[in-house]
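Right, one structure below, let's go through it.
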Amino acid sequence: MIKPEQFLTESLKAHPYGGDVAEIMAAAVQAVDPYQAVSHHLNLKGGLLYLGGQTYALRRYRRIFLVGAGKAGLPMVKAVVDALGSRIVDGLVIVKEGYGGPEKVGAVRIREAGHPVPDQRGIAATREMQELLAQTEPDDLVLTVISGGGSALMIAPIQGISLQDLQSLTNTLLACGAEIGEINQIRRRLDQIKCGGLVRAASPASVASLILSDVVGDPLEMI
């Protein structure tokens, strides 16, 4: 796979100002790289974890778990694991088919699933995640990494809704040109893990989230 920086350099080199434009574009791509974005907002100094504007004293937590879903899941997991290492005792993150690679990053399992149409792999991986979160205790910390595509990848249909129902609904919405906000408004009402369900599943542990937005305006309910 050709890297964005390489593509920009090759496509712009014929232009009189192509070199300068390529450098600017490459810098822009680097600035929004998922690994770099997470690393910028997550820092460990001594026994303190700085996550965005919050500070977590790690001595308060017996275990740290990492869960989540999204197309940018793998580089986000790598950034968190590079920062925290063996402090993460277990985890599971669901990524789009073809966006995975290693089966594990540190202690975190990587599962691939269908996107944008959900599939059985997404249901199985989400169930595995729920089973992991069912083990948490009040002195645990659960970190979540969420990025675009997570609503299709992390799915736990409510009673009475089948995978076939979700697939048919998704195909219909995509075919009629529905926007992601409209699709997610419907998905949230048919799923156990969305609309706060992930936090409820992690209870009674503390939960902190790293969310990478691909939606204009960054509305959390749409990401």
Side-chain angles (χ1 to χ4, degrees), residues 3 30-113 121-150 153-156 193 196-213 220 223:
K3 294 182 178 180
Q30 182 70 13
V32 297
D33 175 79
Y35 183 97
Q36 297 298 332
V38 171
S39 298
H40 179 71
H41 291 281
L42 185 151
N43 295 284
L44 180 65
K45 295 181 180 179
L48 297 178
L49 175 64
Y50 298 93
L51 186 60
Q54 303 295 318
T55 302
Y56 298 86
L58 295 186
R59 66 178 181 277
R60 294 178 50 196
Y61 303 105
R62 183 169 61 93
R63 300 177 298 178
I64 301 177
F65 298 91
L66 177 60
V67 299
K71 290 178 284 186
L74 182 59
M76 294 179 79
V77 168
K78 288 181 177 179
V80 176
V81 171
D82 283 351
L84 297 179
S86 60
R87 289 180 176 85
I88 300 174
V89 300
D90 203 347
L92 188 147
V93 172
I94 310 168
V95 303
K96 180 179 179 178
E97 181 178 15
Y99 284 52
E103 293 185 357
K104 292 187 76 174
V105 177
V108 183
R109 290 160 272 167
I110 305 297
R111 298 286 185 264
E112 294 189 1
R121 293 174 298 173
I123 290 180
T126 304
R127 186 178 301 117
E128 189 177 357
M129 183 186 301
Q130 290 172 306
E131 292 172 353
L132 168 63
L133 293 175
Q135 306 171 25
T136 59
E137 301 291 342
D139 56 354
D140 291 331
L141 174 62
V142 176
L143 301 178
T144 75
V145 288
I146 306 295
S147 59
L153 296 165
M154 186 164 53
I155 53 173
I193 205 73
L198 183 61
V199 174
R200 290 191 293 271
S203 179
S206 299
V207 179
S209 299
L210 287 155
I211 302 173
L212 186 65
S213 173
L220 290 178
I223 302 173

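Fair warning: this is a prediction, and the values are worked out from it, not measured in the lab.
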Name the atoms and distances for all side-chain donor-acceptor pairs under 3.5 Å in residues 45-55, with sequence neighbours left out.
none

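Using a 4.5 Å heavy-atom cutoff, the side chains of L84 and L143 are in contact. Two residues are said to be in side-chain contact when any heavy atoms from C-beta on lie closer than 4.5 Å; M154 and L198 meet this criterion. Counting heavy atoms from C-beta on, the side chains of L58 and I64 come closer than 4.5 Å.
The nearest pair of heavy atoms linking V142 to A202 is CG2-CB, 4.1 Å. Considering all non-hydrogen atoms of both residues, V77 and V105 come closest at CG1-CB, 3.8 Å. Listed here is the closest heavy atom pair of A72 and L212: CB-CD2, 3.8 Å. L74 and G100 get closest at one heavy-atom pair: CD2-O, 2.9 Å. L44 and A83 make their closest contact through CD2-O, 3.7 Å (heavy atoms, listed as atom of the first residue, atom of the second, distance). Among all heavy-atom pairs drawn from T136 and A205, the shortest one is CB-CB, 3.8 Å.
Residues satisfying the side-chain hydrogen bond (donor to acceptor under 3.5 Å, both in side chains) criterion with R87, sequence neighbours excluded, are absent altogether. Under the side-chain contact (heavy atoms from CB on, under 4.5 Å) criterion, R63 pairs with F65, V89, E137, D140, not counting sequence neighbours. Scored by the side-chain contact (heavy atoms from CB on, under 4.5 Å) test, A201 finds L133, I193 as partners (sequence neighbours excluded). Partners of T144 by side-chain hydrogen bond (donor to acceptor under 3.5 Å, both in side chains), not counting sequence neighbours, listed by chain and number: S209. Under the salt bridge (charged side-chain N to carboxylate O under 4.0 Å, His left out) criterion, E131 pairs with no residue at all, not counting sequence neighbours. Residues satisfying the side-chain contact (heavy atoms from CB on, under 4.5 Å) test with P138, not counting sequence neighbours, are P204. In this view, P75 and P34, Y35 satisfy the side-chain contact (heavy atoms from CB on, under 4.5 Å) rule, not counting sequence neighbours.
Among residues at least two apart or in separate chains, there is no salt bridge (charged side-chain N to carboxylate O under 4.0 Å, His left out) pair with a member in residues 70-84. Judged as a salt bridge (charged side-chain N to carboxylate O under 4.0 Å, His left out), the pairs with a partner in residues 48-62 (not counting sequence neighbours) are, in order, R62-D139. Screening residues 90-101 for salt bridge (charged side-chain N to carboxylate O under 4.0 Å, His left out), with sequence neighbours left out, gives D90-R109, E97-R121.
Rounding to the nearest 0.5 angstrom, the gap separating the CZ atom in R127 from the CD1 atom in I155 is 10.0 Å. The distance from atom CG of L66 to atom CG of L141, rounded to the nearest 0.5 Å, is 10.0 Å. Annotation: the span from M76 atom CE to I146 atom CD1 amounts to 8.0 Å, rounded to 0.5 Å. Taken from CG in L92 to NZ in K104, the straight-line distance is 10.5 Å, to the nearest 0.5 Å.
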